[in-house]
Amino acid sequence: MSDFHAATLDARARLVDALVRTGEEDRSAFRDLYALTSAKLFGICYRICGERQAAEDVLHDVYVTIWKRAGAYEPHRASPITWLATITRNRAIDWRRAQGVRRTTPIEDAPPIPDDAPLVSETMLADEAAHRLHACLQGLEARQRDAIRTAFFDGVTYAELAERQEVPLGTMKSWVRRGLARLRECLER
């Protein structure tokens, strides 16, 4: 096993441990969890919200939610960073919907967020689960794969996706729902 792979597994194990202990209301573990994930989760908030102050506010709500829901985290069902990123994405999209604001700047044009520390997500991507996810994504129909990637990685709502693809909202939701079902089947094999 390479040193990098061992370090990745160690980082994942620390994150799982911090999340499980947070579920047991361990404040020290919650501080560790924050230190390990705040940069990544802030990046998700900022990308979706588009404003630093809003991203900070949403991130605060995310950690309140994590504190309350960490006891429901099941390590065998999802990677810790996926579980945390899903909560973050949903909170940020809820904030955007409440604002009635649509993103006007493509993410490629957004200013970079300065942070020299390596992100947990960078080490997590080397994990075998990430490779498997990408392989399973490649096995989906192009329209399902593109819709899932855009919705979950770029924070675009189903309505925006439907508008971009010029299809009814229900059709877009079906593409994503069927794609996620196939993705789940692939990952469970």
Side-chain angles (χ1 to χ4, degrees), residues 1 4-26 28-48 55 58-95 118-140 144-158 161 173-189:
M1 179 181 306
F4 181 76
H5 188 65
T8 300
L9 292 176
D10 181 53
R12 179 187 171 107
R14 281 190 332 211
L15 193 53
V16 167
D17 179 62
L19 189 52
V20 168
R21 287 187 7 238
T22 296
E24 297 165 354
E25 298 185 2
D26 181 331
S28 173
F30 188 58
R31 281 191 293 277
D32 292 344
L33 183 69
Y34 181 85
L36 291 168
T37 61
S38 60
K40 165 70 175 167
L41 301 185
F42 177 77
I44 293 169
C45 291
Y46 186 74
R47 187 172 67 231
I48 294 171
V58 169
L59 186 65
H60 177 268
D61 291 344
V62 165
Y63 279 101
V64 169
T65 301
I66 291 168
W67 176 254
K68 291 177 182 176
R69 294 182 49 201
Y73 172 68
E74 298 177 29
H76 65 279
R77 294 200 58 173
S79 79
I81 201 68
T82 300
W83 191 80
L84 295 165
T86 299
I87 291 171
T88 304
R89 177 188 172 277
N90 290 342
R91 283 278 179 223
I93 288 175
D94 288 347
W95 177 87
L119 299 176
V120 172
S121 63
E122 292 173 350
T123 58
M124 298 304 289
L125 286 176
D127 187 83
E128 290 176 28
H131 292 294
R132 188 168 182 182
L133 173 63
H134 291 291
C136 289
L137 272 170
Q138 285 305 114
L140 297 178
Q144 291 173 335
R145 179 179 56 245
D146 294 343
I148 289 170
R149 281 187 172 151
T150 305
F152 289 91
F153 297 136
D154 293 341
V156 176
T157 66
Y158 294 147
L161 281 170
K173 287 182 177 181
S174 288
W175 289 356
V176 172
R177 186 173 47 251
R178 281 191 232 124
L180 289 174
R182 288 191 56 212
L183 194 59
R184 183 177 299 117
E185 287 173 18
C186 178
L187 291 170
E188 290 175 353
R189 287 186 214 146

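Predicted, not measured: the structure shown is a model, and the values here were computed from it. All values below were derived from every heavy atom in this structure, side-chain atoms included, with hydrogens, water molecules and symmetry-related copies excluded.
Proximity of L33 to L84: side-chain heavy atoms (C-beta onward) are separated by under 4.5 Å at one or more points. With a 4.5 Å cut-off on side-chain heavy atoms, L140 and L137 count as touching. Contact annotation: the side chain of R145 approaches that of R149 to within less than 4.5 Å [non-hydrogen atoms, C-beta and beyond]. In this structure, K173 and V176 have side chains that are not in contact, with every pair of non-hydrogen atoms separated by 4.5 Å or more.
Between the CG atom in L180 and the CH2 atom in W175 there is a gap of 14.5 Å [rounded to 0.5 Å]. To the nearest 0.5 Å, atoms CG (D26) and CZ (R31) are separated by 8.0 Å. The distance from atom CD of E25 to atom CH2 of W67, rounded to the nearest 0.5 Å, is 5.5 Å. With rounding to the nearest 0.5 Å, the separation of CG in D32 from OG1 in T22 is 8.0 Å. Taking CG of L36 as the reference point, atom CG of L19 lies at 10.5 Å (rounded to 0.5 Å). Here the CD1 atom belonging to I87 is positioned 8.5 Å from the CZ atom belonging to R91, to the nearest 0.5 angstrom.
Contact detail for A92 and C45: the closest heavy-atom pair is CB-CA, 4.3 Å. Closest approach of A147 to L161, counting heavy atoms only: O-CD1, 3.6 Å. Nearest approach of A29 to A18, heavy atoms of both residues: CB-O, 3.6 Å.
Judged purely by atom type and a 3.5 angstrom limit, Y73 has no side-chain atom pairing as donor or acceptor with the backbone of I66.
Residues S174 and R177 have side chains that bring a donor and an acceptor to within less than 3.5 angstrom of each other.
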field: Worked verdict on T37 versus Y63 for side chain to side chain donor-acceptor pair (under 3.5 Å)
entry: CA-CA 10 Å; T37 61; Y63 279 101; 2.6 Å; yes
